[in-house]
Amino acid sequence: MAGEITNATQIVVPARTRLWLAPVGTQAPADAIVAMPAGWYSVGLTTEDSLKFNEEPQFETVKSAQTDYPSRTFQTSDSATVEVDLQQWNARNFRAVFGGGTITAITPAAGGGGAPKHYRFAPPQIGGRTEVAACIEVVDGPKVYRYIIPRAMQMEGVQTDLQKAKEAILPLRLAVQGGDNADAWYLVTNDPAFSPPAPTIGTVTPSTGPTAGGTTVTITGADLDGATAVTFGGTAGTGLAVIDSGELTVTTPASTSGAKDVAVTTAGGTASKTGGFTYA
């Protein structure tokens, strides 16, 4: 098919997955491969096919008598969940699965003072559940993806099947919690396929102005969104405003007379138009 782009290297096979948990507010990893900061712990072994991340926006539609289709669709809320079955029974995993709780050491009734201690786990009371931070780590060869979730809470009851023929698992079902001042979740990765495209410059209008600067210039092109700087002959313009991915405006700086190269810098690189603006 004309224009079709195929790249098998962009297929992801989760050869290794891990789930990390931490108290809310623990420093998140800064990138995809740095060692997990202090405070994070791995839940350990999980069943082979149980780890899932679900993102589920909710929508409402406006119906009108003049059409059989919705006149308008708008999003009312958003939600995301993490599902995984834990194979390792330990204090941290029990607390994660039950949403908190307390563990205390008790002295066994028999065996004397030299006997190993026993432990008592009590789930949290109503209203006593605690939130956790979570990080899902997906590894496919050199590519690593980390879903960072600053706040999450166990959202379901716990059903543990105790069967002789298979291991007993602890079902962790986390609901992502949101906030007005932070991302509810985000992804960090070293996958080069996520690199933003390099910008391109089409037109610079007007293309001439006084050496004193102060000319408002409109630059059109492609992939201009996220532009952080526009320079004229190496001198930064002011009042940069990105309209959309194909257009931005900027005010020219003062310069000497003559044609100057115009350069736009984004996260994807820098595009330059030779002699794109002339000072007269």
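Both backbone and side-chain heavy atoms feed into the values below; hydrogens, waters and symmetry mates do not.
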Next on the checklist: The test is side chain to side chain contact (heavy atoms under 4.5 Å, CB included); show your working for Val139 and Arg18 and say whether it passes.
Outcome noted: CA-CA 9 Å; Val139 180; Arg18 300 180 183 90; 3.8 Å; yes
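- Annotation for Gly99 and Pro124: closest pair O-CG, 3.7 Å, computed over non-hydrogen atoms.
- Judged as a ring-ring contact (aromatic ring centres under 6.0 Å, His included), the pairs with a partner in residues 45-81 (not counting sequence neighbours) are, in order, Phe53-Tyr147, Phe53-Trp185.
- Each of Trp20 and Leu174 belongs to its own hydrophobic cluster when Ile, Leu, Val, Met, Phe, Trp and Tyr are linked at side-chain heavy-atom distances under 4.5 angstrom.
- Nearest heavy-atom pair, Glu167 versus Gln87, reported as atom, atom and distance to 0.1 Å: OE2-NE2, 2.9 Å.
- Counting only residues at least two apart or in different chains, side-chain hydrogen bond (donor to acceptor under 3.5 Å, both in side chains) contacts with residues 226-251 are absent.
- Under the ring-ring contact (aromatic ring centres under 6.0 Å, His included) criterion, Phe121 pairs with Phe94, Phe98, not counting sequence neighbours.
- Heavy atoms only, all atoms of each residue included: Arg173 and Asp85 are closest at NH2-OD1, 3.0 Å.
- No donor-acceptor contact under 3.5 angstrom links the side chains of Gln58 and Thr76, judged on distance only.
- Taking Ser207 as the reference, nothing meets the side-chain contact (heavy atoms from CB on, under 4.5 Å) condition, with sequence neighbours excluded.
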Next on the checklist: side chain to side chain donor-acceptor pair (under 3.5 Å), that's the test. Do Thr270 and Thr265 meet it? Break it down for me.
Outcome noted: CA-CA 4 Å; Thr270 298; Thr265 299; 3.0 Å; yes
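- Sorted by first and then second residue, the ring-ring contact (aromatic ring centres under 6.0 Å, His included) pairs involving residues 219-241 (not counting sequence neighbours) are Phe232-Phe277.
- Residues Pro196 and Thr266 have side chains not in contact (no heavy-atom distance under 4.5 Å, counting atoms from C-beta outward).
- Residues that satisfy the side chain to side chain donor-acceptor pair (under 3.5 Å) test with Glu156, not counting sequence neighbours, are absent from this structure.
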